[in-house]
Amino acid sequence: MTHTAWLDALSRQLGPQGLWRPGVEADAAQLHAHEVDWRGRYHGRALALARPASVAEVVTVVQACAAQGVAIVPQGGNTSLVGGSVPDGSGQQLVLNLQRLNQVISIDAANLSMVVQSGCLLSQVQAAAQTEGLLFPLSLASEGSCTIGGNLASNAGGTQVLRYGTARALCLGLQVVTPQGQVLDGLSALRKDNTGYDLRDLYIGSEGTLGIITAASLRLHPQPRGVATALLACEDLSQAVALLQMAHHHLDAGLTAFEVMARGPLALVQQHQAPAAAALSPLLDPRGAPPEWVVLIENTSCESDAHAQERLQLLLTQAMTLNLTQGVVVATQTRQRQQMWQLREGIPQAEKCEGLMVKHDIGMPTSEIPRFVTEVGQALQARWPQSQVVCFGHLGDGNLHYNVQPPADARQGLALEDFERAVNTLVFDAVERCQGTLSAEHGIGQLRREELAQRASPVALQMMQAIKKAIDPAGLMNPGRVLR
Ligand SMILES: Cc1cc2nc3c(=O)[nH]c(=O)nc-3n(C[C@H](O)[C@H](O)[C@H](O)COP(=O)(O)OP(=O)(O)OC[C@H]3O[C@@H](n4cnc5c(N)ncnc54)[C@H](O)[C@@H]3O)c2cc1C
């Protein structure tokens, strides 16, 4: 069957809201948002956009694609930072967007769990848990746009991993439509289940290459009763790492976030997102010298705000006594706390205003981070004195966003490609020396596929290829992502 006749047949099954064919149900502008990634780096062209509103419709689409040999690109909120959720330029891949599967199915407060469809926005999932006085702690700057299905498919991290773990730790079970169009019903709400291989864990982080996540059973937590947040100035990352170690001992499970931001990204937020910057503490007072590094620390308590503040204050006092910080500001109102977070979460948007950067979301043992940042910073300065490092991230998780702004003469075309290749080699060689990972958060997608192929252990790669072949023998699920 020709693709046109095949699409006509699919359209009859899904209706005009369920399938957008270019130039038929949707114009170029409507499709554009689904064909270009968040960073504006990958520009694809879709054969069509499927928008199923039920699991049965997902099955219909997947079975039709399997029969016709059409590749599928699963898509949630399309906030992937590695080009995982947009089609290639061939015009032959079908984008399957899950955002119409957006129902909260149930909340079991006694079991601390909930079941949601995969197209629910992360913010919607958080709000639904909150209505029951519970917490779904996954928290990302993109939470108003990304979906829980995308979070699970990319095993998202965010700002509370230190206390609650990544998306994987927050998932009890999954419903998945396999590449053959069968429904794998694993919406278990169990905390313990040792019956064979863990298929849920296989799908978490699989980036749409093994099937479509249609619903998830999620682990909830009690809402903390108190929270205390502070910004601290540090001279260098060794100080920040020593502070982190002290915070673990003083706050234990209360420590929910330990974020770090260098002077460079703070300046970008000030430049591009003035309201958040205006809220900044005297730490960043324009009359004083801005600190080299700022730590954002958050402590929660199951008792009260006063208790959370008291515990944090003890830590801060000791840190000042031991000279581990050059200045501290504690948020005294919710508004101040929000502004502190805007400062941290405004960085990706502020970076976007600066144009393309060579981005990394590396991970390594926290103890290695100061050495890594010093050595790589020196190497970059020696080779490209005009480049700028924009470094920030989840220090508490050993995860840094280590982004490099190219010098003016290498900002486009081949010069940018050469610069990116050389910087990546330098950064990832150093990551390997520190026993780290080339992606702690954003995943592989298209962006890191070649590096994974070059740098992962051959045994691990063979096993990944074998799993892909076993589950998706026709190679129709997000081809060219993660694996070559
Ligand atoms: C401003 C900003 C801040 C961010 N901060 C963080 C952060 O702190 N931590 C972090 O980990 N990430 C972060 N990210 C990236 C992050 O991965 C996503 O925001 C989010 O997890 C992706 O969800 P999504 O619904 O947008 O998925 P998409 O971008 O649509 O897809 C992501 C991947 O999952 C696949 N996929 C999507 N839905 C499904 C499904 N239902 N079934 C199977 N496969 C699917 C896609 O094919 C793709 O490979 C950030 C992104 C932005 C833009």
Side-chain angles (χ1 to χ4, degrees), residues 33-34 36-42 44 52 55 58 62 71-87 93-102 116-125 138-161 165-168 174-179 184 203-216 257 259 341 344-352 359 361 363 392-394 397 399-401 439-449 472 477-482:
H34 300 277
V36 179
D37 71 313
W38 189 85
R39 289 177 65 194
R41 186 183 168 125
Y42 296 98
V55 180
V58 176
V62 173
I72 296 176
V73 179
Q75 186 180 74
N78 195 18
T79 63
S80 165
L81 298 176
V82 291
S85 51
V86 288
Q93 298 185 333
L94 180 121
V95 176
L96 196 165
N97 185 288
L98 279 303
Q99 282 190 297
R100 288 178 76 212
L101 252 69
N102 56 12
V116 299
Q117 288 189 315
S118 64
C120 287
L121 294 181
L122 174 56
S123 54
Q124 182 190 352
V125 175
L138 191 67
S139 175
L140 327 176
S142 57
E143 62 200 23
S145 320
C146 62
T147 63
I148 190 68
N151 300 148
L152 290 164
S154 59
N155 188 24
T159 52
Q160 304 205 70
V161 171
T166 62
R168 185 184 301 281
L174 288 177
Q175 182 189 61
V176 172
V177 174
T178 69
L184 170 67
Y203 275 96
I204 297 172
S206 63
E207 302 188 36
T209 59
L210 299 178
I212 315 286
I213 298 170
T214 45
E259 300 287 307
W341 275 109
R344 164 63 184 86
E345 299 200 318
I347 297 172
Q349 197 64 44
E351 275 186 312
K352 205 175 175 187
K359 293 198 169 198
D361 67 308
F392 61 100
H394 316 293
D397 313 327
N399 171 205
L400 278 189
H401 298 297
S439 173
E441 269 204 329
H442 301 156
I444 301 300
Q446 302 181 59
L447 185 68
R448 296 279 169 250
R449 188 187 51 201
D472 180 23
M477 283 291 158
N478 224 359
R481 277 61 168 192
V482 184

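Throughout, residue positions are numbered sequentially from 1 according to the sequence presented. All ligand and atom numbering here is 1-based and tracks the order in the structure. Because the structure is predicted, anything quoted here is derived from the model rather than measured.
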Protein heavy-atom partner closest to [atom] - residue, atom, separation in Å:
{"atom": "atom 14 (N) of ligand 1", "result": "L81 CD1, 4.0 Å"}
{"atom": "atom 32 (C) of ligand 1", "result": "S80 CB, 4.0 Å"}
{"atom": "atom 27 (O) of ligand 1", "result": "G150 CA, 3.4 Å"}
{"atom": "atom 8 (O) of ligand 1", "result": "G158 CA, 3.5 Å"}
{"atom": "atom 17 (O) of ligand 1", "result": "S154 OG, 3.5 Å"}
{"atom": "atom 23 (O) of ligand 1", "result": "C146 CB, 3.3 Å"}
{"atom": "atom 11 (O) of ligand 1", "result": "G157 N, 2.8 Å"}

key: Check against side-chain contact (heavy atoms from CB on, under 4.5 Å), H442 and L447   = CA-CA 10 Å; H442 301 156; L447 185 68; over 6 Å; no
query = Does the distance from a Lys or Arg side-chain N to an Asp or Glu carboxylate O, for R344 and E259, drop under 4.0 Å?
reply =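 Salt bridge between R344 and E259, a charged N being under 4.0 Å from a carboxylate O: yes.
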key: Region of A156 engaging ligand 1 - heavy atom pairs below 4.0 Å   = both
query = Counting only heavy atoms, which portion of T79 has something under 4.0 Å from ligand 1: side chain, backbone, both, or neither?
reply = both
Quick one: which of [options] has a heavy atom closest to [atom]?
{"atom": "atom 6 (C) of ligand 1", "options": "I444, V95, L140", "value": "L140"}
{"atom": "atom 47 (O) of ligand 1", "options": "A153, G346, P74, G208", "value": "P74"}
{"atom": "atom 9 (N) of ligand 1", "options": "K352, H442, E441, E143", "value": "E441"}
{"atom": "atom 39 (C) of ligand 1", "options": "A167, G149, S118", "value": "G149"}
{"atom": "atom 24 (P) of ligand 1", "options": "G83, G205, G77", "value": "G77"}
{"atom": "atom 50 (C) of ligand 1", "options": "S142, A440, G443", "value": "S142"}
{"atom": "atom 21 (O) of ligand 1", "options": "N151, V176, I213, V58", "value": "N151"}

Proximity flag [X] to ligand 1, non-hydrogen atoms under 4.0 Å:
{"X": "V73", "value": "no"}
{"X": "G445", "value": "no"}
{"X": "G119", "value": "no"}

ask   = Got a second to check how far L121's CG is from E143's CD, nearest 0.5 Å?
value = 10.5 Å
query = Atom OG1 of T147 and atom CD of Q99: how far apart are they, to the nearest 0.5 Å?
reply =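 Between atom OG1 of T147 and atom CD of Q99 there are 6.5 Å.
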ask   = For the side chain of R41 and the backbone of G83, is there at least one donor-acceptor N/O pair under 3.5 Å apart?
value =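 Answer holds: no.
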key: Under 3.5 Å side-chain donor-acceptor pair for N78 and S85   = yes
message = Is there a polar contact, in the sense of an N or O pair closer than 3.5 Å, between G76 and ligand 1?
response = yes
task = Mind listing the closest non-hydrogen atom pair of G208 and A153 along with its distance?
result =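 Closest heavy-atom pair between G208 and A153: N-CB, 4.3 Å.
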key: Shortest non-hydrogen separation from L152 to A167 and the atoms involved   =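 Shortest heavy-atom separation between L152 and A167 comes out as CD2-O, 3.8 Å.
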ask   = Less than 4.5 Å apart, any side-chain heavy atom of Q175 and any of V58?
value =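 No; the side chains remain at least 4.5 Å from each other.
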task = Among V36, D37, V95, find the residue that satisfies the side-chain contact (heavy atoms from CB on, under 4.5 Å) test when tested with V86.
result =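 That would be D37; it is the only one of V36, D37, V95 passing the side-chain contact (heavy atoms from CB on, under 4.5 Å) with V86.
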task = Let me see the working for N97 and H34 under side-chain contact (heavy atoms from CB on, under 4.5 Å), right down to the final yes or no.
result = CA-CA 8 Å; N97 185 288; H34 300 277; 3.6 Å; yes
